[in-house]
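Let me give you the structure first, and then I'll get to my questions.
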Amino acid sequence: MIDWQTARRTAARLAKPGPETSPAEVAEAVEELRQGAYRAEGPVREFTGLTAGSGTAPVLVVDRPTWAAANLESFEVLLDPLSRRLAAQTKVGPLGRAVGDRVNGVQVGAVLSFLSGRVLGQFDPFWTGRGEHGRLLLVAPNVVQVERQLKVDPHDFRLWVCLHEETHRVQFTAVPWMADHLRALVAELLEESRTDPEAMAETLGTALSRLGELGRSDSTASLADLFQTERQREIVEQVTGVMSLLEGHADVVMDGVGPSIVPSVKVIRRKFDQRRKGKGGLDAVVRRLLGLDAKLAQYRDGATFVRQVTRKGGQDAFDAVWSGPENLPSLAEIKDPAAWLTRVHG
């Protein structure tokens, strides 16, 4: 149970300020990102062959606190069924519950504040406000900060970022069942959560006994992995397979479209790939605990899957992934494209 208002306030308070910019620079970056998303849409649709469905998804250029608040809004909706179950089964007095909710709110807000300084853009497929089907969030201060750190052409970099994120917007608007599929997987994941006190104590004990896994150099475990049941791990693997496909596909599209509209794309890609490897020290530890290293593997493995399937079977063979949930690759198939081709195409 989480006090969402506390989470929002915490995320806003802890979010680090963006790079020093003048009002004119801010206005230019915001407008360029907004226009970049729409400018990228045509080339992305032409390259992928994905056409717009009936749904719409707005493009929003935001700052760090707004990005955190938007994600907390989606989390609140997704976690509501689990929160209700916990409230019904947890025998805690009003004061204890209020304190616990606020403590949880502070913790969640702190995590979102950390992430808000690292995300360049994100497509939120779970947003359904005003009848819209998702929304694209571009975090302007982070884009400006990274383009300065990398010392790349800012106009090219902004359009390059938009190419990747716009691909996600195209994926979800052209394949309307995708968001529903992911939402169903998340709902099942939460339904599998053990909420009675004895089960929760058992889960905590198991997690504590496995903490040593996080310190092993060959381990890919994150904190979340330690608290999952066997069925939840299976569901997470399904979700990871889908996200690897979507992220890898976006990277392939970005590399395919980039040279035609982003003059310095080779320089940007080389420098950005170096940045993706992350920093050492505390940053590396936090990335590991939050599972961000697994996120990086999604780009790499997903892109390899897309390229190998397309090379061996052609574009039509790959496009079968968009025809229905049954054709989505599993995590094992992401790492073995030939197995997916055999299963889907015989």
Run Leu136 and Leu60 through side-chain contact (heavy atoms from CB on, under 4.5 Å) and show every step you take.
CA-CA 6 Å; Leu136 176 58; Leu60 305 176; over 6 Å; no
Please name the pair of heavy atoms, one in Pro141 and one in Val62, separated by the smallest distance, quoted to 0.1 Å.
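That closest heavy-atom pairing would be CD-O, 3.6 Å.
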Under a 4.5 Å side-chain heavy-atom rule over Ile, Leu, Val, Met, Phe, Trp and Tyr, are Leu72 and Phe114 clustered together?
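Leu72 and Phe114: one cluster.
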Interatomic spacing from CG in Asp301 to CG in Leu331 - rounded to 0.5 Å
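Between Asp301 CG and Leu331 CG, I get 8.0 Å after rounding to 0.5 Å.
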Side-chain heavy-atom pair Leu120, Val139 within 4.5 angstrom cut-off
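When only atoms from C-beta onward are counted, Val139 and Leu120 do not touch, as no gap falls below 4.5 Å.
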Any heavy-atom pair between the side chains of Val262 and Leu163 that's under 4.5 Å?
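When only atoms from C-beta onward are counted, Val262 and Leu163 do touch, with a gap below 4.5 Å.
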side-chain contact (heavy atoms from CB on, under 4.5 Å) for Trp340 and Val321? Distances and angles first, verdict last.
CA-CA 10 Å; Trp340 179 85; Val321 299; 3.3 Å; yes
Do Leu112 and Trp67 have side-chain heavy atoms sitting under 4.5 Å apart?
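SC-SC contact between Leu112 and Trp67 confirmed.
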If you measure from CG on Leu33 to CG on Leu137, what distance do you get to the nearest 0.5 Å?
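Answer rounded to 0.5 Å: 12.0 Å.
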ILVMFWY network linking Val144 to Leu138, side-chain heavy atoms under 4.5 angstrom
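Per the 4.5 Å side-chain linkage, Val144 and Leu138 are not co-clustered.
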Does the Asp156 side chain pair with the main chain of Val152, one donor and one acceptor, at a distance under 3.5 Å?
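A pair under 3.5 Å: no.
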Would you confirm whether Thr310, through its side chain, and Arg307, through its main-chain N or O, come within 3.5 Å as a donor-acceptor pair?
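Checked: no pair found.
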How close do Asp319 and Thr48 get, heavy atom to heavy atom, and via which atoms?
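Between these two residues, the closest heavy atoms are OD1-O, 4.2 Å.
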Does Arg158 use its side chain to pair, donor to acceptor, with the backbone of Val30 at less than 3.5 Å?
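Not at all, since once roles are kept as given, no pair shorter than 3.5 Å links the two residues.
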Atom pair OG1 (Thr240) and CG (Leu185), whose distance is rounded to the nearest 0.5 Å
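Those atoms lie 10.5 Å apart.
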For the residue pair Gln171 and His168, confirm or rule out a side-chain donor-acceptor distance under 3.5 Å.
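Per modelled atom types, Gln171 and His168 side chains form a pair under 3.5 Å.
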Determine whether a donor-acceptor pair (N or O, by modelled atom type, separation under 3.5 Å) exists between the side chain of Glu166 and the backbone of Ala40.
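Such a contact is absent between Glu166 side chain and Ala40 backbone.
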Pairing donors with acceptors under 3.5 angstrom, does anything connect the side chains of Thr66 and Asp63?
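The answer is yes; a qualifying pair exists.
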Would you sort out whether Asp124 and Asn71 count as a side-chain contact (heavy atoms from CB on, under 4.5 Å), showing the intermediate values?
CA-CA 8 Å; Asp124 177 5; Asn71 276 267; 5.9 Å; no
What I'd like to find out is whether the side chain of Glu147 reaches to under 4.5 Å of the side chain of Ile268, using heavy atoms alone.
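In short, these two side chains do not touch, never coming nearer than 4.5 Å.
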Quick check: does any side chain N or O of Trp160 sit under 3.5 Å from a backbone N or O of His155, one acting as donor and the other as acceptor?
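A pair under 3.5 Å: no.
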Looking at side-chain heavy atoms only, is the closest gap between Arg169 and Val44 below 4.5 Å?
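Not in contact.
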Ignoring hydrogens and angles, tell me if any N or O in the side chain of Glu247 forms a donor-acceptor pair with the backbone of Ser244 under 3.5 Å.
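Looks like no, no N/O pair under 3.5 Å.
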Got a second to check how far Arg300's CZ is from Asp273's CG, nearest 0.5 Å?
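Between atom CZ of Arg300 and atom CG of Asp273 there are 11.5 Å.
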Looking at Arg39 and Ile261, what are the two nearest heavy atoms and their distance?
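What the structure gives for the nearest pair is NH2-O, 3.9 Å.
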Between Asn142 and Arg64, is there a side-chain donor-acceptor contact under 3.5 Å, judged purely by atom types and distance?
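Judged by distance alone, the side chains do pair up.
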Answer yes or no on whether Arg270 is positioned over the face of Phe272, meaning its NZ or CZ is under 6.0 Å from the six-membered ring centre and within 45° of the axis.
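Here Arg270 fails the 6.0 Å and 45° test against Phe272.
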Would a single hydrophobic cluster contain both Leu50 and Leu246, if residues Ile, Leu, Val, Met, Phe, Trp and Tyr are joined by side-chain heavy-atom contacts under 4.5 Å?
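Result: yes, single cluster for both.
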Any donor-acceptor pair under 3.5 Å linking the side-chain atoms of Arg45 with those of Thr173?
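Yes - a donor-acceptor pair under 3.5 Å links their side chains.
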Is there side-chain contact between Gln238 and Ser330, with heavy atoms separated by less than 4.5 Å?
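No. Closest side-chain heavy atoms not under 4.5 Å.
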Working for side-chain contact (heavy atoms from CB on, under 4.5 Å), residues Phe126 and Leu78:
CA-CA 8 Å; Phe126 304 123; Leu78 289 171; 3.6 Å; yes
Is the closest basic N to carboxylate O distance between Glu73 and Arg135 below 4.0 Å?
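Counted as a salt bridge, because a side-chain N and a carboxylate O are separated by less than 4.0 Å.
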Quick one: pull up NZ in Lys16 and CD in Gln145 and give me the separation to the nearest 0.5 Å.
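Those atoms lie 9.0 Å apart.
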Of all the heavy-atom pairs spanning Ala317 and Val309, show the shortest one and how long it is.
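So the two residues come closest at C-CG1, 4.4 Å.
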Are Ile2 and Leu14 co-members of a hydrophobic cluster defined by side-chain heavy atoms under 4.5 Å apart?
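Leu14 does not cluster with Ile2.
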How about Met178 and Leu328: do any of their side-chain heavy atoms sit closer than 4.5 Å?
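Touching, per the 4.5 Å side-chain cut-off.
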Measure from the side-chain N and O atoms of Trp127 to the backbone N and O of Ala70, and report whether any donor-acceptor pair falls under 3.5 Å.
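Between the backbone of Ala70 and the side chain of Trp127 there is no qualifying donor-acceptor contact (under 3.5 Å).
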Pairwise distance CD(Glu333) to CG(Leu245) - rounded to 0.5 angstrom:
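Going from CD on Glu333 over to CG on Leu245, the span is 11.0 Å.
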On a heavy-atom basis, which atom in Pro337 and which in Gln308 lie closest, and how many Å separate them?
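The answer is CG-OE1, 3.4 Å.
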Does a donor on one side chain sit under 3.5 Å from an acceptor on the other, for Ser264 and Asp153?
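Side-chain D/A pair, Ser264 to Asp153: absent.
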Does CD belonging to Gln315 count more than 12 external heavy atoms closer than 6.0 Å?
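Buried by this count: over 12 neighbours within 6.0 Å.
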Please report the closest heavy-atom contact between Ala250 and His164, naming both atoms and the distance.
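Heavy atoms of Ala250 and His164 come nearest at CB-CE1, 3.4 Å.
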Are more than 12 heavy atoms, taken from residues, nucleotides or ligands other than Glu46, located less than 6.0 Å from that residue's CD atom?
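Not more than 12 within 6.0 Å, no.
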Non-neighbouring partners of Asp80 that pass salt bridge (Lys or Arg N to Asp or Glu O under 4.0 Å), sequence neighbours left out
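Salt bridge (Lys or Arg N to Asp or Glu O under 4.0 Å) check on Asp80 returns Arg84.
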Check the hydrophobic clustering (I, L, V, M, F, W, Y; side-chain heavy atoms under 4.5 Å; chains of links allowed) and say if Val77 and Phe172 are grouped together.
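In one cluster with Val77: Phe172, no.
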Is Glu76 close to Arg8 at the side-chain level, that is, under 4.5 Å between some pair of heavy atoms?
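Side chain of Arg8 against side chain of Glu76, heavy atoms only: contact under 4.5 Å found.
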Which of these, Phe305, Phe318, Phe47, sits in a ring pair (Phe, Tyr, Trp, His ring centres under 6.0 Å) with His249?
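That would be Phe318; it is the only one of Phe305, Phe318, Phe47 passing the ring pair (Phe, Tyr, Trp, His ring centres under 6.0 Å) with His249.
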